[in-house]
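Notes follow once the structure below has been shown.
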4 protein chains.
Amino acid sequence: MTKGSAAVGAATTVQRRAARPRADALRNRERIVTAAREMIVEHGTEVPLDEVARRAGVGNATLYRHFPDRDDLMGYVVLSVMDRIAALVEEALAEDADAFDGLRRFAHAAVDERIGAICPMLSAAFSEDHPDLLATRDRLDSGVRTIMERARAAGQLRDDVTVGDLLVSLTQLTRPLPGTCCVGNDRFVHRHLQLFLDGLRAPARSVLPGEAVTLEALRGC
Amino acid sequence: MTKGSAAVGAATTVQRRAARPRADALRNRERIVTAAREMIVEHGTEVPLDEVARRAGVGNATLYRHFPDRDDLMGYVVLSVMDRIAALVEEALAEDADAFDGLRRFAHAAVDERIGAICPMLSAAFSEDHPDLLATRDRLDSGVRTIMERARAAGQLRDDVTVGDLLVSLTQLTRPLPGTCCVGNDRFVHRHLQLFLDGLRAPARSVLPGEAVTLEALRGC
Amino acid sequence: MTKGSAAVGAATTVQRRAARPRADALRNRERIVTAAREMIVEHGTEVPLDEVARRAGVGNATLYRHFPDRDDLMGYVVLSVMDRIAALVEEALAEDADAFDGLRRFAHAAVDERIGAICPMLSAAFSEDHPDLLATRDRLDSGVRTIMERARAAGQLRDDVTVGDLLVSLTQLTRPLPGTCCVGNDRFVHRHLQLFLDGLRAPARSVLPGEAVTLEALRGC
Amino acid sequence: MTKGSAAVGAATTVQRRAARPRADALRNRERIVTAAREMIVEHGTEVPLDEVARRAGVGNATLYRHFPDRDDLMGYVVLSVMDRIAALVEEALAEDADAFDGLRRFAHAAVDERIGAICPMLSAAFSEDHPDLLATRDRLDSGVRTIMERARAAGQLRDDVTVGDLLVSLTQLTRPLPGTCCVGNDRFVHRHLQLFLDGLRAPARSVLPGEAVTLEALRGC
DNA sequence: TATGAATGAGTTTTCATTCAT
DNA sequence: AATGAATGAAAACTCATTCAT
């Protein structure tokens with residue numbers, strides 16, 4: 001938008017400040033992140049970047065042009081997953097269902113987005129100062145907070161559970177068991193997630209030890 | 001046991017054909033497994049075997065003499081952890097406390113044995129036909145089954161949770177977050193485990209999806 | 001010269017078939033060579049060409065349009081330095097000072113033009129058949145020859161030293177020590193150059209071994 | 001020696017402190033350093049380490065076992081050359097010839113050991129804290145100092161030239177011209193070295209600018 | 001024409017595993 | 001039996017050069 005109008009008058013002068021992100025480059029970027037996400041889900045976080053590049057249909061150096069090193073790429077994979085998860089929680093909020101059911105549906109949907117497979121990179125990602133990442137984290141944080149508050153207001157959620165508690169537990173419970181193909185893993189994850197969510201609904205039996213977990217607290221850890 | 005008595009009687013000077021488990025060889029074996037377990041807990045499952053050997057105070061070739069390849073060593077690490085976990089459940093059974101409390105104490109103790117750190121290797125390990133592993137698995141299975149049945153008999157445990165459900169959830173919840181030092185992780189694990197256990201105690205809210213998880217079912221997956 | 005006059009007359013709007021050295025294209029060419037020279041001085045001859053292009057404020061493909069490959073660019077860098085050195089010697093000849101002093105001033109001025117940093121490319125450059133390079137080499141050769149002859153006529157320069165001897169020695173003595181920042185190097189170069197020049201002034205103590213070095217002899221070597 | 005006698009009594013206990021450097025390993029180490037030196041002389045300091053390994057007749061990983069990274073290997077190459085140069089100066093001191101002639105013979109011999117080819121790494125090497133390197137540097141320093149003092153005492157060497165001045169100039173003057181095969185280079189080096197040495201012998205014409213160069217001063221630069 | 005993007009070949013380094021003492 | 005050494009295959013990353021806008 002701004003881009004468009006700026007370009008109209010400025011095509012001749014040197015001032016081409018931040019340049020337009022070329023269409024094919026954007027497509028490649030997207031393809032690389034997608035390929036990386038898929039391969040992480042299928043083969044774990046140790047995938048060779050050359051394989052990712054091949055899957056994306058680009059040369060390895062193209063990958064490195066877009067993402068200077070492994071961590072950088074991983075940051076963007078995490079960002080893309082967090083973005084999708086944030087969208088899911090916002091969708092769940094939009095539907096006017098039973099409060100706890102919304103929470104439950106969100107959680108299972110997040111699992112289907114393979115949030116667990118990305119987990120090993122989450123803590124690292126939260127340590128980054130990447131502004132986009134922080135923004136998305138806050139968006140996710142606030143969405144989940146809202147959905148939890150609604151359930152809590154309806155008396156459907158124990159008091160001492162935080163956003164961080166939920167997301168970390170959810171993520172951990174659904175992490176792939178290495179050596180296990182995805183499909184094998186899927187036999188458990190929804191089951192155990194259900195079990196866990198049922199527990200959240202029940203009244204507190206005991207005082208939770210440790211500090212309440214917040215997404216901010218995950219940083220620098 | 002057999003091992004112990006064999007070692008006692010075999011310390012003669014004569015060279016016997018096969019299977020002479022020399023005392024120092026046994027000690028080395030033990031040291032290697034211990035070193036491997038510690039390093040996995042501290043640095044993840046990707047530790048170079050040379051590092052393990054150094055930590056064990058033996059040459060790398062000695063490691064390979066005892067464990068033909070990486071998987072073999074890992075199998076024994078898993079075995080040793082399972083052995084300790086099995087012992088823990090047996091201890092918990094021996095104490096005559098409140099039934100659910102026994103279960104809870106066992107679970108938290110298992111976490112302190114870093115069961116979560118070994119997790120990534122569990123499914124692989126269960127795929128082996130190693131007889132020792134199967135025996136220990138059965139011992140663990142039956143111990144946990146018993147402690148769960150006691151709690152269930154006391155009306156303290158929902159009906160549809162299996163041994164596999166418990167062990168897999170427990171292990172997943174306490175897996176280290178890579179990039180996170182152990183100590184960082186410890187801030188959550190007991191908290192989330194408590195949360196999960198509280199849920200187990202409550203009456204079932206919903207029907208668990210998926211098949212009930214048994215330790216046998218983990219094999220070949 | 002020829003270049004200059006051509007540019008003057010060609011700034012019309014009509015598109016001519018071949019060779020239309022557009023003003024901005026010439027400016028880019030100049031900027032690229034300058035950037036290359038500066039970066040070589042600062043970071044050695046291994047600078048990535050992309051860096052050179054960035055420093056010049058042009059795209060990398062523009063660099064390649066002007067200079068088909070690395071060697072070609074380097075040839076022009078050498079040419080530009082040789083051109084400056086040739087100008088320096090001509091300046092020194094114009095001043096009417098003591099003959100040896102002129103030679104000395106020229107040498108120190110050449111060092112300040114970083115002739116030593118370009119050195120690694122000189123022999124390669126001399127191997128080219130590039131006509132501009134040969135012309136400039138001859139100009140330099142004759143300038144230095146003249147200044148040396150004047151000193152020799154005044155009895156201030158030993159007989160057996162050639163233009164090539166002087167230029168090669170001068171260049172070698174002032175080559176940057178890789179791993180050493182420029183400034184570190186500068187602590188020595190003028191000192192050692194002085195030492196060397198003092199030696200040139202003294203009567204010959206011994207017969208110089210090897211063949212007398214001429215600039216032509218540097219070719220194809 | 002110590003090794004031998006210690007081994008006699010200690011073969012059984014664990015105390016094998018620093019172990020004996022195995023014969024074949026030593027040979028490989030030597031071969032790698034030699035290959036590296038040769039290839040640096042022939043192809044410059046940028047030689048791929050895989051090529052060095054191939055030339056040494058060992059696998060690349062063997063090279064890395066002995067020298068953890070490029071700098072480490074280079075440090076030892078420099079050490080080996082400095083060691084040979086130090087030996088040369090000691091030999092020159094042992095012969096009772098004319099003082100300046102000893103200095104001259106040493107210088108030309110050092111050139112034949114390709115001291116110039118190693119030059120680009122010298123300043124880096126002097127920044128290292130490697131104790132062996134420092135020891136050898138001091139040995140070289142003191143040898144050259146002695147030979148210079150003898151010449152100075154005989155009135156054959158100008159007063160203001162230091163050990164560092166000599167070694168740096170000598171090294172610079174004989175650096176290979178990249179792009180030039182060794183043999184091409186050899187046409188000049190002895191000639192220009194002679195020229196330089198002749199200058200050292202003459203009385204000082206002018207005051208040398210800059211600080212006097214010492215080998216210590218090369219450190220950290 | 002000028003440019004950002006793409007790319008494959010090359011370099012450094014690591015590690016599971018085998019070999020020789 | 002125990003060990004240090006050796007090794008090749010792989011993985012991360014770089015760069016000169018070509019392509020497409």
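Residue numbers begin at 1 in each chain, while the letters A, B, ... track the order of the sequences.
The distance from atom CZ of C/Arg70 to atom P of F/dA16 is 5 Å, rounded to the nearest whole Å. The distance between atom CG of C/Leu63 and atom P of E/dA5, rounded to the nearest whole Å, is 17 Å. Rounded to an integer number of Å, the gap from D/Leu26 CG to E/dA20 P is 19 Å. Atom CD in B/Glu51 sits roughly 11 Å away from atom P in E/dT14 (whole-Å rounding). Taking atom CG of A/Leu49 as the reference point, atom P of E/dG8 lies 16 Å away to the nearest angstrom. If you take CG of A/Leu73 and C1' of F/dC13, they are 14 Å apart, rounded to a whole angstrom. Counting to the nearest Å, the P atom of F/dT14 and the CZ atom of A/Phe67 are 15 Å from each other. B/Asp50 has its CG atom 13 Å from the P atom of E/dT18, to the nearest Å.
Judged by distance alone with a 3.5 Å cut-off, a donor-acceptor contact links the side chain of D/Arg65 to the base of F/dA5.
D/Asp24 is listed as a side-chain neighbour of D/Arg27, based on a closest heavy-atom distance under 4.5 Å.
C/Thr62 has a side-chain polar atom (N or O) that falls below the 4.0 Å cut-off from OP1 or OP2 of E/dT3. The shortest distance between the side-chain N/O atoms of C/His66 and the OP1/OP2 oxygens of E/dT1 is not below 4.0 Å.
The residue D/Ala61 sits close to a base: some heavy atom pair falls under 4.0 Å. Looking at heavy-atom distances under 4.0 Å, B/Asn60 makes contact with a base. Residue contacts shown for B/Asp69 are limited to sugar-phosphate atoms, with no base heavy atom under 4.0 Å away.
Side-chain atoms of C/Asp24 lie closest to E/dA2 of the nucleotides E/dA6, F/dT17, E/dA2. Of the candidate nucleotides E/dT17, E/dA5, E/dA20, E/dA20 has the atom nearest to the side chain of D/Arg22. Among the nucleotides E/dT12, E/dC15, E/dA2, the one closest to any side-chain atom of D/Pro48 is E/dT12.
Classified by interplanar angle (parallel below 30°, tilted 30° to 60°, perpendicular above 60°), the ring pair D/Phe67/D/Tyr76 is tilted.
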